[in-house]
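One-based numbering, in listed order, for ligands and for the atoms of each.
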Amino acid sequence: MARRMLIAGNWKMNGLRQSLGFLEEIRPAAHSRRNVDVLLAPPATLIVSAAEIAGPVKIGGQDCHIHPSGAHTGDISAEMLRDAGASYVIVGHSERRADHGESSELVRAKAEAAQAAGLVPMICVGESESDRREGKAEAVVGEQLHQSLPGSTAYVIAYEPVWAIGTGLTASLDDIAAMHAFIRSKLPDGATTQILYGGSVKPANAADILSLNDVDGALVGGASLKAADFGAIIEAAP
Ligand code: PGA
C-alpha cells in the first residue's frame, strides 16, 4: 500500500486569532493535492477556531498530558484536544524534550494517551549536533524509538535532527535518506508507517527532500508561519 504524503505545520508558540486567515490562504494548495494530507498544529488557544474553518486541513495539538483529566494546572489532555477538533498531536518534540526535560518514557505515555483519545500521535525523534559529530546519530535515534514507541503502531514518526531545527541548516539528502531507511527498519510496521522529515524545511529545499524514497512528508516550523511558503511546500510534494 502506497504511503500518503503528510505536510504538517507546527506554529509552536506563535499565532493569534487574526493569524487564522492562513487556513483560507492555503486552502487552494490543500485542495489541489488529493494525495497529500495537510496538517496544522497551531497553539492550543486556536484549535477550536482553526478546526471550525479548517476545510481539508487537519488540525493537531503540539503536546498533551498523559492523563485524560485531573489536577494538572496548565496542562491539556489528549481528550481535550480531540474535543476541540484536533485529530493529531505532536509528542516528544525536541523543544519539549529540552525545555521540559521530557524523557522518551514520558513521550511513549503521551503517545499512548493520544491513541486512547482517538488522536494520531506524531512522535518526534532526532539527534543533537554532538551526537552526529561523534557518529552516534543512529544509536541515539534508535534508542529514542525503542523507548518512545507505543505498542499500537497507529502513529506517525517525525525525524528532526535537533541541530537543523530553526537554524536554516538541513541534513544532506544522503543523511536524510540513510536515517529514514534506518528508522523504517526499526519500526514494527515499517512498510506502512509515515516518516516525516523536519528541520528548516522551506520552499527551496522541499522538493528534493520530499522526493526521497523513505520521506513521507515534512514537519515544518518557521516556514509554516507564512501561507505562501507553506503552500509552496505542499505544492512541492511529489
Ligand atoms: P523549523 O522547525 O522548520 O523552523 O526548523 C521544525 C520543527 O521544529 O518542527
Based purely on interatomic distance, does Gly222 place a nitrogen or oxygen under 3.5 Å from a nitrogen or oxygen of ligand 1? yes
Below 3.5 angstrom, do we get any N/O pair linking Gly221 and ligand 1? yes
State whether a side-chain donor-acceptor pair under 3.5 Å links Thr45 with Arg17. no
Which part of Ala158 is near ligand 1, with near meaning a heavy atom under 4.0 Å away: side chain, backbone, both or neither? neither
Check: Ser224 and Ile233 side chains under 4.5 Å, non-hydrogen atoms: no
Option among Asp37, Asp216, Asp189 that satisfies the salt bridge (charged side-chain N to carboxylate O under 4.0 Å, His left out) test with Arg3: Asp216
Side chain to side chain contact (heavy atoms under 4.5 Å, CB included) evaluation trace for Met5 with Leu210: CA-CA 9 Å; Met5 276 275 153; Leu210 293 170; 4.2 Å; yes
At under 4.0 Å between heavy atoms, which part of Asn10 makes contact with ligand 1: side chain, backbone, both or neither? side chain
Examine ligand 1 and decide if any of its atoms is less than 4.0 Å from a heavy atom belonging to Lys202. no
Of all the heavy atoms in Ser224, does at least one lie under 4.0 Å from an atom in ligand 1? no
Would you say that Arg33 contacts Ile7 through its side chain, given a criterion of any heavy-atom pair below 4.5 Å between the two side chains? no
Which atoms of ligand 1 have any heavy atom of Ala164 under 4.0 Å away? 5 (O)
Taking atom 9 (O) of ligand 1 as the point of reference, which of Glu160, Glu95, Met122 owns the nearest heavy atom? Glu160
Considering all heavy atoms, the nearest Gln62-Arg96 contact: O-CD, 4.3 Å
Can you find an N/O atom of Gly199 closer than 3.5 Å to an N/O atom of ligand 1? no
For His93, the ligand 1 atoms whose distance to one of its heavy atoms is below 4.0 Å: 7 (C), 8 (O), 9 (O)
Value rounded to 0.5 Å, distance of CG in Leu23 from CZ in Phe230: 9.5 Å
Hey, which atoms in ligand 1 end up nearer than 4.0 Å to a heavy atom of Gly166? 1 (P), 4 (O), 5 (O)
Once you measure the plane-to-plane angle for Trp11 and Phe22, does it fall in the parallel (<30°), tilted (30-60°) or perpendicular (>60°) bin? perpendicular
Check if Ser200 has a non-hydrogen atom at a distance under 4.0 Å from any atom of ligand 1. yes
